[in-house]
2 protein chains.
Amino acid sequence: MAKTAAQRRAEAKARYDAFLSVCPSRQLLHMISSKWVTLVLCALATCDEPKEMRYSELARVIAGVSQKMLTQTLRSLERDGLLTRTVTPTVPVTVTYQLTPLGRSLHVAVRGIKSWAEAHMDEVQANRSSADDNKGA
Amino acid sequence: MAKTAAQRRAEAKARYDAFLSVCPSRQLLHMISSKWVTLVLCALATCDEPKEMRYSELARVIAGVSQKMLTQTLRSLERDGLLTRTVTPTVPVTVTYQLTPLGRSLHVAVRGIKSWAEAHMDEVQANRSSADDNKGA
DNA sequence: CTGTATCCATGTGGATACTG
DNA sequence: CAGTATCCACATGGATACAG
C-alpha cells in the first residue's frame, strides 16, 4: 500500500523544518527576537567608538533585565562572535564587554528595523484600532 | 520608613517594562519574530506586482504551517493593515490575500535582515563552532 | 475550501537564593 | 563585582477533530 496522506504530510513537514532550521534569515530572526539581544547591542553601540561597558553598567542601563538573562544574553553573543568579554583580575574582579566589528555591523542592520518601526508603527496601530472598532461595533 | 531596595527595583522595572511595551521597535520585533509572519510576507511578495494568493496556495507554499497558525498569522497581519482579505462567495468559498503598500514596505525592510543574515551568518556559525571547540577541549 | 476549537508540549524568561 | 542554580509562570505553537 502507498503512503497515506498523513505520512506524506509528515515527510513534507520534516523536509520543511530541516530547511527552516538551516535558513540563515531564520536563525538571525531567532537571535534578534530574543528579548534582550537588541538592547545589549544598542547599549554597547551608543557610542560610535567601540565602547566597552562593565557588567554592572549594562545591568543598570538595561533597567529591566535580570541577572540570569543578562548573563545568558552576553554569553550567547560572545559565542556568536558579536562581542568580546574581558576579565581583569582586580579585586573584586572587573569584566568588560565590547562589540566586535561583526556585532557593530549587526547593530546597523537592526537600525533598519528600527527605522521602519518609527516610520510606520503608528500606522499599524491605527489600522489595529479601526479593525478592533469594527469588530466591536 | 523609606522604600526598600526591592521596592525601588520593582518600580524601576515597572517603568522600564512600560517603556518597552510602547517602544515601536520592540513591537515590530515582536511582530516579525512570530514564526510565520515573515514567511507569509515573502510568499505574498514573490512577485513585484501586488500578488494575491489563496488560503490553500499559502498553505502549500509554506509547507510546514498548520491551519491554526496560518489563519492566526493572516488574521493578525490583516488587523495590522499589512494585507487584505477578500472573500468571493463561490461554492465552495474562495478567499484571497494580498499585501497592502504598508505590507510591501515591511517586506523590503525585512529583506535588510535577510541580507545581513546571508552575508554574515556563516561567520557567526564559524565563531560558534570554534567557541564550542574551545569549551570541549 | 476555509476555517474554528481544544488540548498539550516546549521554550523563554522572571524570582529568588547562593558563591568565588 | 559578577556571576550560578533552581524553580516556576506564561506565551507560542503544534496535533487533532470538527464545522459552515
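Each chain gets a letter, A, B and so on, in the order its sequence line appears, and its residues count up from 1.
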Assigning hydrophobic clusters by single linkage (Ile, Leu, Val, Met, Phe, Trp, Tyr; side-chain heavy-atom cutoff under 4.5 Å), is Val108(B) placed with Leu39(B)?
no
For the pair made of [atom1] in [X] and [atom2] in [N], what is the distance, rounded to whole Å?
{"X": "Glu52(B)", "N": "dT2(C)", "atom1": "CD", "atom2": "P", "result": "12 Å"}
{"X": "Arg75(B)", "N": "dT2(C)", "atom1": "CZ", "atom2": "P", "result": "12 Å"}
{"X": "Arg85(B)", "N": "dC1(C)", "atom1": "CZ", "atom2": "P", "result": "16 Å"}
{"X": "Met31(B)", "N": "dA11(D)", "atom1": "CE", "atom2": "P", "result": "19 Å"}
{"X": "Leu29(A)", "N": "dT12(C)", "atom1": "CG", "atom2": "P", "result": "14 Å"}
{"X": "Glu78(B)", "N": "dT2(C)", "atom1": "CD", "atom2": "P", "result": "15 Å"}
{"X": "Tyr16(B)", "N": "dG13(C)", "atom1": "OH", "atom2": "P", "result": "14 Å"}
{"X": "Arg54(B)", "N": "dG3(C)", "atom1": "CZ", "atom2": "P", "result": "11 Å"}

Go through it in stages, so that I can follow the logic: the residues are Met31(B) and Gln27(B), the test is side chain to side chain contact (heavy atoms under 4.5 Å, CB included), and I'd like the CA-CA distance, side-chain angles, deciding distance and then a yes or no.
CA-CA 6 Å; Met31(B) 282 168 55; Gln27(B) 293 177 359; 5.5 Å; no
Going by the angle between their ring planes, with limits at 30° and 60°, are Tyr16(A) and Trp36(B) parallel, tilted or perpendicular?
parallel
Would one find a side-chain N or O of [X] under 4.0 angstrom from OP1 or OP2 of [N]?
{"X": "His30(A)", "N": "dT12(C)", "answer": "yes"}
{"X": "Ser56(A)", "N": "dA2(D)", "answer": "yes"}
{"X": "Tyr97(A)", "N": "dG3(D)", "answer": "yes"}

Where do N or O atoms of nucleotides 13-20 of chain D meet protein N or O atoms at under 3.5 Å, pair by pair?
| from | atom 1 | to | atom 2 | distance (Å) |
| --- | --- | --- | --- | --- |
| dG13(D) | OP1 | Lys35(B) | N | 2.6 |
| dG13(D) | N7 | Lys68(B) | NZ | 3.4 |
| dG14(D) | OP1 | Lys35(B) | NZ | 2.8 |
| dG14(D) | OP2 | Trp36(B) | NE1 | 3.1 |
| dG14(D) | N7 | Lys68(B) | NZ | 3.4 |
| dG14(D) | O6 | Lys68(B) | NZ | 2.2 |

Which pairs, with at least one residue in residues 17-33 of chain A and sequence neighbours excluded, count as a salt bridge (charged side-chain N to carboxylate O under 4.0 Å, His left out)?
Lys13(A)-Asp17(A)
Quick check: do Lys51(A) and Thr46(A) have side-chain heavy atoms less than 4.5 Å from each other?
yes
Flag the pair Leu99(B) / Leu77(B) as yes when at least one side-chain heavy-atom distance between them is below 4.5 Å, and no otherwise.
no
Of all heavy-atom pairs linking Leu58(A) and Ala43(A), the shortest is CD2-CB, 3.9 Å
Might you point out which heavy atoms bring Gln67(A) and Tyr55(A) nearest each other, and give the distance in Å?
O-OH, 3.4 Å
Between the CD atom in Glu78(A) and the OG1 atom in Thr84(A), the distance rounded to the nearest 0.5 Å is 8.0 Å
End-to-end axis angle, where each axis spans five pairs of the helix from dC1(C)-dG20(D) to dG20(C)-dC1(D), to 10°
50°
